[in-house]
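The block underneath contains the structure these notes are about, expressed in structure tokens.
Whatever order the structure lists them in is the order used to number ligands and atoms, beginning at 1. Note that this is a predicted model, so its numbers are computed, not measured.
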Amino acid sequence: MAFTKTSKLLATVAFTSAIGSAAMAQEVEVLHWWTAGGEAAALNVLKEDLASKNVGWQDMPVAGGGGEAASTTLKARVAAGNPPTAAQMLGMQLREWANEGALGDLSSVAEENNWAEVVPAAVQEFAVNDGKWVGAPVNIHRPNWLWINAEIFDAQGLTPPTTWEEFNAAADKLQEAGITPLAHGGQPWQDATVFDDVVLGIGGPDFYRKAIIEADMDALGSDTMVQVFDQMRKLSGYVDENFSGRDWNLATAMLLNGEAGMQLMGDWAKGEIIRADMVPGEDILCVAAPGTEGSYLFNTDFFGAFDVSEESKPAQMELAASIMSKEFQEAFNLVKGSIPARTDVAPDNFDACGQKAMEDIVEAADNNALLGSMAHGHGQTSSVQRAMFDVVTEHFNSDMSSQDAVEELQIAVESAML
Ligand code: BGC
């Protein structure tokens, strides 16, 4: 049965894209992991924009939040000498592919459209490699948000927590009332998203920079890091018993339908809130994860441009130019939940959470507290990131002590850096 359904679906997709390519002068093949409802809706904004410019779209979706599965597929495609026209990539991936010499050069489009003037410096650090623009940034996400079901908090007489102590007190109260305190999916990247928040919330921006971005052994082995794992242990007691392996959007659904009170997740969750016809900032509150107000973890989705044949280049350039247009950045990010990767888009049409993000990022950048997210490919190389994921997830799913976790973290990170 499942097989029949799938083949029908594949036949429909093939048919539709055949029509598409016959009518379109050129085509891009794009590998991405935007398969959840809100993500797919945002992607449609891009597909439609390109269609209006007569550029066809060949879809290469690889499901899996955070993009791990997509990254594996991408490696296989490149190894087989068959890269897509462009692929969704997080910052470190973009840098790593560029260092391998696999990417082309978007500098002519970038110069023509003045990207250097409008793209924030933190984003340019990844987009420009060796003086060349190798990817087009489509957004800026903030992973350090705490999303709160307002109705539940009202009914329980709770206010949004601003510290981890307050968070634990609120979570205890929800638990007593029979509500799952934390909507969570037990997948390594989701555990790591929460871990990033706790490191930043307990240690502050300078500690995050030392421990995560610089992988400083003293910081990784410090008492502060022991406290971080203590808090991770508390959090592992606030998830429901079916959390293991759950996709992030299903965890968000628990928050929206009132099964859970809170979720620590990036603002792609806002895409789901909007799709459920709920109002971000009213029905579902958005506050900085406990202890992280004033700091901003970020990750950007880039479309990395592979070094494709001359024939495919015009479509690739059109894709890049379209992605970076001011109008597109607004339309896309209103749906995706992120904010534009350009500084000149007005906040007026964004909801309260988007406007807060736009203000907070400026404040954080001024205070040296705008930091790349480790969980989302902007804080560490992929090998160190993997080592961190492993320890965080092992700790979350066992009764490992905080002290042991800290020691394992040091060993794992040290060997990943060799
Ligand atoms: C990406 C988002 C995506 C999320 C969940 C993040 O790494 O930057 O665009 O929505 O993963 O899949």
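- The heavy-atom pair separating Ala288 from Trp145 by the smallest distance is N-CE3, 4.2 Å.
- Atom-to-atom distance recorded for Asp404:CG and Ser398:OG is 9.0 Å, nearest 0.5 angstrom.
- A salt bridge is absent between Asp230 and Lys234; no separation between the charged side-chain nitrogens and carboxylate oxygens falls under 4.0 Å.
- When non-hydrogen atoms are compared, ligand 1 lies under 4.0 Å from neither the backbone nor the side chain of Asn139.
- Every atom of ligand 1 with a heavy atom of His141 under 4.0 Å away is listed here by number and element: 2 (C), 8 (O), 9 (O).
- Under the 4.0 Å criterion applied to side-chain N and carboxylate O atoms, Lys356 and Glu293 are assigned as salt-bridge partners.
- Closest to atom 6 (C) of ligand 1, if we only count protein heavy atoms, is His376 ND1, 3.5 Å.
- Two residues are said to be in side-chain contact when any heavy atoms from C-beta on lie closer than 4.5 Å; Lys132 and Ser107 meet this criterion.
- The pair Asp206-Arg209 counts as a salt bridge, with a side-chain nitrogen and a carboxylate oxygen less than 4.0 angstrom apart.
- Taking a 4.0 Å cut-off on heavy atoms, Gly66 registers as neighbouring ligand 1.
- Here Asn299 has side-chain heavy atoms under 4.0 Å from ligand 1, and that is the only part of it that gets that close.
- Numbered from 1 in the order shown, with element, the atoms of ligand 1 that lie under 4.0 Å from a heavy atom of Lys336 read 2 (C), 3 (C), 9 (O), 10 (O).
- When only non-hydrogen protein atoms are considered, atom 1 (C) of ligand 1 lies nearest to Asp301 OD1, 3.4 Å.
- Summarising the contacts of atom 10 (O) of ligand 1 with Glu68, Glu39, His32, the nearest heavy atom is found in Glu39.
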